[in-house]
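Read through the structure below, which is laid out as structure tokens, and then see the notes.
Numbering of ligands and ligand atoms starts at 1, following listing order. Small disclaimer: the values here were computed from a predicted structure and weren't measured.
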Amino acid sequence: MDNWTAANIPDQQRRVAVITGANTGIGFETASALARCGARVVLACRNLDKAKEAAGRIGPDTDVLRLDLASLTSVREAADEFQARYERLDLLINNAGVTGLTGRTRDGFDIQFGVNHLGHYALTGLLLNRMLPVPGSRVVTVSSIGHRFGRIDTEDLRSAGTYAGSKLANLLFTHELNRRLDGSNTVALAAHPGGATTEIFRYSSALFRIPNLVIARLLGRTPAMGALPTLRAATDPTAQGGEYYGPGGLFEVRGYPQRVQASARSRDSGSQQRLWEVSERLTGVVYPV
Ligand SMILES: NC(=O)c1ccc[n+]([C@@H]2O[C@H](COP(=O)([O-])OP(=O)(O)OC[C@H]3O[C@@H](n4cnc5c(N)ncnc54)[C@H](OP(=O)(O)O)[C@@H]3O)[C@@H](O)[C@H]2O)c1
């Protein structure tokens, strides 16, 4: 479909959606659009004050969950808390991300790799038992055009971290998860926003931040436009497991969301399996599929 917009989202009444990093940027716009269509949205954020303020702007049928993806303890607590409050999960949107940040997570992983990939790997595995009984349930993970420049050293995942590598991991994870979910009620897809005028470059140098934001602004990439590929992957009835959605225009940096092709590296099944095994070992989270 050409020019797919939020107006194409089908009715989401009685559906429950968890969106990580939903207090701002693309996550906020994703949560807002799903709420407008009737979903119960759970804003999974590291800062509860910011989350409550964002929930207030979205509307009454919202909930907040404390989730710091830089701490496996926090991820486990968030999953336990969600399961205590909800019987079902229809949509898990793995959206939160950091770039330009150095340092370690609480568990000693590179911060970008830990937040962007390992935290989401753990969260998804711990929430999956609430998704598997739900027909049409989907896990959508937000990657980036930058995944094309990513490399992953599975021998040294603990310390090997670049933003591009973490975004490649988002896609390797999606493909392997979707394979493991084969025959179940749940599918996994990925999306990327192209670019968007969000706070994503807050930790980056001005040299990197300013041109990126200027280009995104010139191309009209508002956070709401940036959220459309995620929303299409999450709700378009024709979307299938394993698919990847991004802006359909030139170089995938502008336009309405369409199915796009992930890099050959992200589609390598050996790399997908190796990343899965190491992620399982590092987080201690074993999936029920
Ligand atoms: N904007 C772009 O141009 C662009 C391009 C390609 C891909 N993406 C991807 O799009 C996704 C959304 O980014 P955005 O552009 O909306 O950026 P953003 O405005 O910076 O939002 C990022 C969100 O992630 C949250 N977050 C950061 N660290 C976290 C942690 N340890 N635990 C839980 N949440 C954490 C942030 O929370 P706080 O507010 O508390 O920090 C915020 O809610 C990311 O995955 C990013 O990689 C964005």
Q: Report the C-alpha separation of Glu53 and Arg57 in whole Å, then their side-chain angles, then the decisive distance to 0.1 Å, and conclude whether the salt bridge (Lys or Arg N to Asp or Glu O under 4.0 Å) test is met.
A: CA-CA 7 Å; Glu53 188 274 327; Arg57 282 187 284 141; 3.0 Å; yes
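- Sorted by chain and number, the heavy-atom contacts of ligand 1 below 4.0 Å come from Gly21, Asn23, Thr24, Gly25, Ile26, Arg46, Lys50, Leu67, Asp68, Leu69, Ala70, Asn95, Ala96, Gly97, Val98, Val115, Val142, Ser143, Ser144, Tyr163, Lys167, Pro193, Gly194, Gly195, Ala196, Thr198, Glu199, Ile200, Arg202.
- The two residues Pro193 and Pro247 come nearest to each other via the heavy atoms O-CG, 3.5 Å.
- Taking the six-membered ring for Trp and the full ring otherwise, the centers of Tyr121 and Tyr287 sit less than 6.0 Å from each other.
- Nearest heavy-atom pair across Asp90 and Arg14 is OD1-O, 4.2 Å.
- Taking Ile, Leu, Val, Met, Phe, Trp and Tyr as members and joining any whose side-chain heavy atoms lie under 4.5 Å apart, directly or through other members, the hydrophobic cluster of Val187 also contains Leu189, Tyr245.
- Here the side chains of Asp61 and Val41 are not in contact, with every heavy-atom distance at 4.5 Å or above.
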